[in-house]
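What follows is a set of notes on a single structure, which appears directly below.
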Amino acid sequence: FSDLIQSQWFSSHVSYLYFKEQMNGYKDGSFQPLKDITRAEAVALLGRAKGLNGEERLTSFSDVGSKNFASGYIQSALEEGILSGFPDGSFKASQPVTRAEMAILIQNAFLFQTDVNKELPFTDMDKGMASYESIQALVQQGIARGVSETQFQPHANMTRSTYSVLLGRAQNPTIFK
């Protein structure tokens with residue numbers, strides 16, 4: 001990728017996903033590592049990683065048509081119980097994925113073991129959050145980390161680079177620990 005330097009902390013993860021034919025760049029040859037990753041892009045990457053059917057087709061979501069590049073992965077992930085969408089029947093494919101949503105997606109796809117008695121050290125998280133146990137599992141397995149020792153920032157948007165790091169670690173934690 002024209003905008004990726006091998007010394008960047010996330011470059012080995014991006015390369016790993018690229019060589020596994022899961023990650024694509026843009027038509028101009030760039031990767032755009034600091035760009036927010038959309039919900040559709042995140043599910044397409046996860047779908048490729050899990051070998052889901054990515055054939056474009058009708059979905060159960062009111063706002064994801066059959067011509068959406070990720071429609072097959074979105075519908076397959078729904079059928080596999082990896083995602084659910086919003087109460088109004090939408091998926092919001094072009095909306096950025098948050099760190100909390102990312103944790104739920106990855107945990108639902110990979111089902112990492114967790115010790116529910118071991119609390120998270122993050123002051124911006126509480127056990128009542130829908131993403132708490134998913135984040136707990138990913139942190140315990142070394143897949144995800146906080147942005148500091150006391151902050152996870154669950155509502156912050158994920159970038160293409162950080163999502164690549166987490167998806168690479170989820171698939172092959174021994175390489176990326």
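Predicted, not measured: the structure shown is a model, and the values here were computed from it.
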With a 4.5 Å heavy-atom cut-off, do [X] and [Y] have their side chains touching?
{"X": "L45", "Y": "Y163", "value": "yes"}
{"X": "Q171", "Y": "K20", "value": "yes"}
{"X": "Q141", "Y": "R169", "value": "no"}
{"X": "M129", "Y": "I135", "value": "no"}
{"X": "L46", "Y": "Y73", "value": "no"}
{"X": "L167", "Y": "M23", "value": "no"}
{"X": "F122", "Y": "Q136", "value": "no"}

Atom of [X], atom of [Y] and distance for their closest heavy-atom approach:
{"X": "T98", "Y": "N157", "result": "CG2-OD1, 4.1 Å"}
{"X": "L105", "Y": "A42", "result": "CD1-CB, 4.4 Å"}
{"X": "F61", "Y": "S84", "result": "CE2-O, 3.4 Å"}
{"X": "L52", "Y": "S76", "result": "CB-CB, 3.8 Å"}
{"X": "A40", "Y": "A70", "result": "O-CB, 3.6 Å"}

Do side-chain atoms of [X] reach the backbone of [Y] as a donor and acceptor pair under 3.5 angstrom?
{"X": "T162", "Y": "M158", "answer": "no"}
{"X": "T123", "Y": "T150", "answer": "yes"}
{"X": "S71", "Y": "S66", "answer": "yes"}
{"X": "Q75", "Y": "S60", "answer": "yes"}
{"X": "D124", "Y": "Q151", "answer": "no"}
{"X": "S90", "Y": "D63", "answer": "no"}

_Checking M125 against S131 for the side-chain contact (heavy atoms from CB on, under 4.5 Å) test, could you report, in this order, the C-alpha distance in whole Å, the side-chain angles of both residues, the deciding distance, and whether it holds?_
CA-CA 9 Å; M125 301 275 319; S131 60; 4.2 Å; yes

Value rounded to 0.5 Å, distance of [atom1] in [X] from [atom2] in [Y]:
{"X": "F110", "Y": "K50", "atom1": "CZ", "atom2": "NZ", "result": "5.0 Å"}
{"X": "R39", "Y": "F86", "atom1": "CZ", "atom2": "CZ", "result": "4.0 Å"}
{"X": "L111", "Y": "I106", "atom1": "CG", "atom2": "CD1", "result": "12.5 Å"}
{"X": "L138", "Y": "Q140", "atom1": "CG", "atom2": "CD", "result": "9.5 Å"}
{"X": "I74", "Y": "F69", "atom1": "CD1", "atom2": "CZ", "result": "7.0 Å"}
{"X": "H155", "Y": "E101", "atom1": "NE2", "atom2": "CD", "result": "10.0 Å"}

_Criterion side-chain contact (heavy atoms from CB on, under 4.5 Å) on R99 and V147, from CA distance to verdict_ = CA-CA 11 Å; R99 289 171 55 84; V147 297; 4.0 Å; yes

_Does atom CD (E133) have a neighbourhood of more than 12 heavy atoms from anything else shown, all under 6.0 Å?_
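Atom CD in E133 is not crowded, with 12 or fewer foreign heavy atoms closer than 6.0 Å.
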
*Can you get from L166 to I104 by hopping between Ile, Leu, Val, Met, Phe, Trp and Tyr side chains that sit under 4.5 Å apart?*
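Different clusters.
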
*Candidate list D36, V43, I37, test side-chain contact (heavy atoms from CB on, under 4.5 Å), partner V97, passing option*: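 With V97 as partner, D36, V43, I37 yield a single side-chain contact (heavy atoms from CB on, under 4.5 Å), made by I37.
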
*Apply the side-chain contact (heavy atoms from CB on, under 4.5 Å) test between F91 and each candidate in L78, N68, T59, L83; give the one that qualifies.*
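Result for side-chain contact (heavy atoms from CB on, under 4.5 Å) with F91: L83.
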
